[in-house]
Q: 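One structure, as structure tokens, below. Some questions next.
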Amino acid sequence: MAASTGSNQAIKPDSNLFKSFVGVAAIKKGYEGVDRDKIARTVYEASKDSLYFNHQQKRDEALTEKCNALMERKRLLEESDTTSQLFHADKVVARLKNNRDLSQSIVHIDCDAFYASVEQRDRPDLKDVPFAVGDTVVAACNYIARKTGCRAGMVIAVAKKMCPNLKIVKPNHDRYREVMAQICKAMQKYDPGYEICGTDEAYLNITKYCKEFDIKPWDVVESLRKDIRHETGIAVAAGIAANTQLAKISSTFIKPDGQYQLPSEPDIMMAFIKDLPVRKVTGVGHTLDRQLASIGVATCDDIFSQRQFLRDLFGDRLFEFLLEVYLGCGRTELQATLDQQKKSASIERTFKETSAPDIVERNLRTVCEHVEAKLKELNRAGQTLTVKVKMNDFESYSKQTKLPKAISSARDIFQHSLPFVKATLASKPHQPCRLLGVRLTQLVSKNYTLNAAFQRMADKSTHSKPDSLSGAKEKQLSSPAGKRKLGDNLDSRALSPRKKKSNLALENPEVNPLEPPRCPDEMVRCPICDRDQPLDNVTFNQHLDICLSSSEIQKYS
DNA sequence: GCGGATCAC
DNA sequence: TATGGTGATCCGC
């Protein structure tokens, strides 16, 4: 039904696929006044003959079909009597309104173009030139580069086409982690329960701090930003609002530097949201945006006018999430980064495409070894294995299996993964494969009894420093019933890898009382310094003594 | 429980 | 010279 994009020669400038080439340039800061059509044309010209493009095109067509189906279903609903759906929606709106908590001051910290900012800080030669950080894909670029249409996610070869003098900088992930650790240290002072999302964002709840010192949120955030700038030389944007959702939107409001406070008054909150495109809301991605658009929802206010259709069209969870968006609801409780437990460990690698079984097998082995290392770091084993294979047409296949017992060694993982990889390759004769992935979920602790003992020890010595220790606890966060909705979940998905390490590093820069022994077989994790120690009570107790006293010393130094 | 999709960064 | 990696969740079966 819809204009098919199946034939390559005439892609319409107003088609969704075409627009998708502009990508985030459509909504991000730094792209005002950029010629979006030109960006789309350039990207299109550069990619139209690739397998990747074909794949994207297929996906786009599937999405268009989905949207058409939605439109048709909505048309049918419109012909029927929707009073009961309307009634139900209003009931939910009333309930959500009633349950809103406006008493908290949530802050969202956003380091805009984080990698680029760090590089620019360290390298004066980048000051006035367009540059991008990344390997084959742009991870971040400065504002000069953005003016030419360069953006995160773009293939560097294409970015160079648009911006011939674009300078490419290889990412220095260790440096970015250091900077993030410094930022964490600054945040700690205002809210030890801060939550990190991804590599460059964080939430704080400063309600307590404001009360305790009788300072206004605005002033607290001003001094927090000053601290961060002083510690790191990086400017951050901050949003202050009643919940995470609004705080985040507020911070994007004044990027790249500055702060914005949204008063916690229902009318003001809703007016703030009203004309906002739903795409800007955390949790509404490209796909949902397209689907919503097809039924006449472009802004948050449109959600309300279409509320009688949303449950039928999108299901209960999404329905309630959308109403929350309309009301400006969001999480008011943060999940302290130091408390978070990983639920999975995975590695996936793209390599030079090949259909040679022995090479694929070797790649799989490497991937499995990396997974083993990761599990070792977590001191976990996994009971559910997921193997993923992506072929050179970008189609991917996966298989998930629940194993009789948890595994963690590369040998076991490889052994259980290989059959699916082989079968997938065999089902596509002569078709090269470009990526392999292995994930373990249902993670279980490798040393139950000892872990419990450590926790007791940690608890005993933790009074003044709960956060540096709680990472080792098996804390079950029983979320308040009915409070954790889709929005919350969507919002709290990305955790920062290695956050424990970075925090530890900043608190105890030199804490390394005992060199972690090399023999990796029977090891257990020390809850204080987070390093593996031999599974031997005497040695471990010695270690613990040193480690504890050393962290005490650190505390008072 | 499984497989595919979506979303965020 | 050519499209990433990690982690989490949801939906439909």
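Note: hydrogens, waters and symmetry copies are ignored here, and every other heavy atom, side chains too, is used. Bear in mind that the values here come from a model prediction, so they are computed numbers and not experimental data. Below, chain A is the first sequence line, B the second, and so on; all start at residue 1.
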Q: Heavy atoms only, 4.0 Å cut-off, all strands: where does A:I347 land among base, sugar-phosphate and nothing?
A: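 Sugar-phosphate, no base atom in range.
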
Q: If we take the P atom in both C:dT3 and B:dA8, what is their distance in whole Å?
A: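 About 24 Å, rounded to a whole number of Å.
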
Q: Nearest 0.5 Å please: distance from the CE atom of A:M180 over to the OG1 atom of A:T232.
A: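 Between atom CE of A:M180 and atom OG1 of A:T232 there are 10.5 Å.
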
Q: Over how many whole Å does the gap from A:Y115 atom OH to B:dC9 atom C1' extend?
A: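 One finds 8 Å between C1' of B:dC9 and OH of A:Y115, rounded.
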
Q: Please tell me which of the listed nucleotides, B:dA8, B:dC2, C:dC11, lies nearest to the side chain of A:R317?
A: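 The answer is C:dC11, which lies nearest to the side chain.
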
Q: Take A:S346 and A:D316, find for each the nucleotide of DNA chain C with the closest heavy atom, and name the residue whose nucleotide sits nearer the 5' end.
A: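 Result: A:S346.
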
Q: Students often get this wrong, so: under 4.0 angstrom with heavy atoms, is A:A46 touching a base, only sugar-phosphate, or nothing?
A: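 Base: the residue A:A46, judged by heavy atoms under 4.0 Å, touches a nucleobase.
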
Q: A:R59 CZ to B:dA5 C1': how many Å, rounded?
A: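 So the two atoms are 8 Å apart, to the nearest Å.
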
Q: With a 4.0 Å cutoff (strictly under), does any side-chain N or O of A:T282 reach OP1 or OP2 of B:dA8?
A: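 No, because none of the side-chain N or O atoms of A:T282 sits under 4.0 Å from OP1 or OP2 of B:dA8.
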
Q: Measure from CG on A:L440 to C1' on C:dT6 and round the result to the nearest Å.
A: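 After rounding, the gap between these two atoms is 14 Å.
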
Q: Is it true that A:D60 and A:R290 have a side-chain N and a carboxylate O under 4.0 angstrom from each other?
A: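 Looking at A:R290 together with A:D60, the answer is yes, because their closest N to O distance falls below 4.0 Å.
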
Q: Using whole Å, what does the distance between atom P of nucleotide B:dA8 and atom CZ of A:R279 come to?
A: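 My rounded result for the distance is 6 Å.
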
Q: As a test of reading the structure: which of B:dC9, B:dC7, B:dG3 is closest to the side chain of A:T199, going by heavy atoms?
A: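 Per side-chain heavy atoms of A:T199, the pick is B:dC9.
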
Q: Measure from CE on A:M154 to C1' on B:dC9 and round the result to the nearest Å.
A: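 Atom CE in A:M154 sits about 18 Å away from atom C1' in B:dC9.
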
Q: I need the CD-P distance between A:Q442 and C:dA8, as an integer number of Å.
A: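 It is 13 Å, rounded to the nearest whole Å.
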
Q: Using a heavy-atom cut-off of 4.0 Å across all strands, would you classify A:K374 as base, sugar-phosphate, or nothing?
A: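 Answer is sugar-phosphate: A:K374 comes under 4.0 Å of backbone atoms only.
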
Q: Check A:K48 with A:E45, please: is the shortest side-chain N to carboxylate O separation under 4.0 Å?
A: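 Salt bridge between A:E45 and A:K48, a charged N being under 4.0 Å from a carboxylate O: yes.
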
Q: Check this for me: does any side-chain nitrogen of one of A:E395 and A:R434 sit under 4.0 Å from a carboxylate oxygen of the other?
A: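 No, no charged N to carboxylate O under 4.0 Å.
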
Q: Would one find a side-chain N or O of A:K66 under 4.0 angstrom from OP1 or OP2 of B:dG4?
A: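 Indeed not, no polar side-chain atom of A:K66 lies that close.
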
Q: As a test of reading the structure: which of B:dC9, C:dC11, B:dC7 is closest to the side chain of A:T287, going by heavy atoms?
A: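 Shortest atom-to-atom distance from the side chain points to B:dC7.
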
Q: Go through A:F420 and A:Y397 one step at a time and tell me if the side chain to side chain contact (heavy atoms under 4.5 Å, CB included) criterion holds.
A: CA-CA 10 Å; A:F420 174 69; A:Y397 309 88; 4.1 Å; yes

Q: Check whether any side-chain N or O of A:R439 sits under 4.0 Å from OP1 or OP2 of C:dG5, and answer yes or no.
A: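 No, outside the criterion.
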
Q: Is the distance from OP1 or OP2 of C:dT1 to the nearest side-chain N or O of A:K160 less than 4.0 Å?
A: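 Checking C:dT1 against A:K160, no side-chain N or O comes under 4.0 Å of OP1 or OP2.
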
Q: Side-chain N or O of A:R349 versus OP1/OP2 of C:dT6: is the shortest distance under 4.0 Å?
A: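 For C:dT6, OP1 or OP2 has a side-chain N or O of A:R349 closer than 4.0 Å.
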
Q: If you assign each of A:K343 and A:S50 to its closest nucleotide in DNA chain C, which residue comes earlier from the 5' end?
A: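 First, find each residue's nearest nucleotide; the 5'-ward one identifies A:S50.
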
Q: Describe the nucleic acid contact of A:V281 in one word from base, sugar-phosphate, nothing, applying a heavy-atom distance below 4.0 Å.
A: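 Answer is sugar-phosphate: A:V281 comes under 4.0 Å of backbone atoms only.
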
Q: May I have the step-by-step check of ring-ring contact (aromatic ring centres under 6.0 Å, His included) for A:F253 and A:F272, ending in yes or no?
A: CA-CA 11 Å; A:F253 227 67; A:F272 179 70; 5.2 Å; yes

Q: Nearest whole Å is fine: how far is C:dG12 P from A:F314 CZ?
A: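 After rounding, the gap between these two atoms is 12 Å.
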
Q: Counting only side-chain nitrogens and oxygens, does A:S47 get under 4.0 Å of the OP1 or OP2 atom of C:dT3?
A: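 A:S47 to C:dT3 OP1/OP2: no side-chain N or O under 4.0 Å.
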
Q: What integer distance in Å separates A:D49:CG from C:dA2:P?
A: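 So the two atoms are 16 Å apart, to the nearest Å.
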
Q: Which of the following nucleotides, B:dC9, C:dG4, C:dC10, is nearest to the side chain of A:T350?
A: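 Between B:dC9, C:dG4, C:dC10, the one nearest the side chain of A:T350 would be C:dG4.
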
Q: For the side chain of A:Q400, counting heavy atoms from C-beta on, which of B:dC2, B:dC9, C:dG4 is nearest?
A: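 Output: B:dC2.
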
Q: Which part of the nucleic acid, if any, lies within reach of A:D135 when heavy atoms closer than 4.0 Å are counted: base, sugar-phosphate only, or nothing?
A: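 The residue A:D135 makes no contact with any strand.
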
Q: Between A:K343 and A:Q442, is the side-chain hydrogen bond (donor to acceptor under 3.5 Å, both in side chains) condition met? List the steps.
A: CA-CA 7 Å; A:K343 294 180 177 168; A:Q442 304 257 292; over 6 Å; no

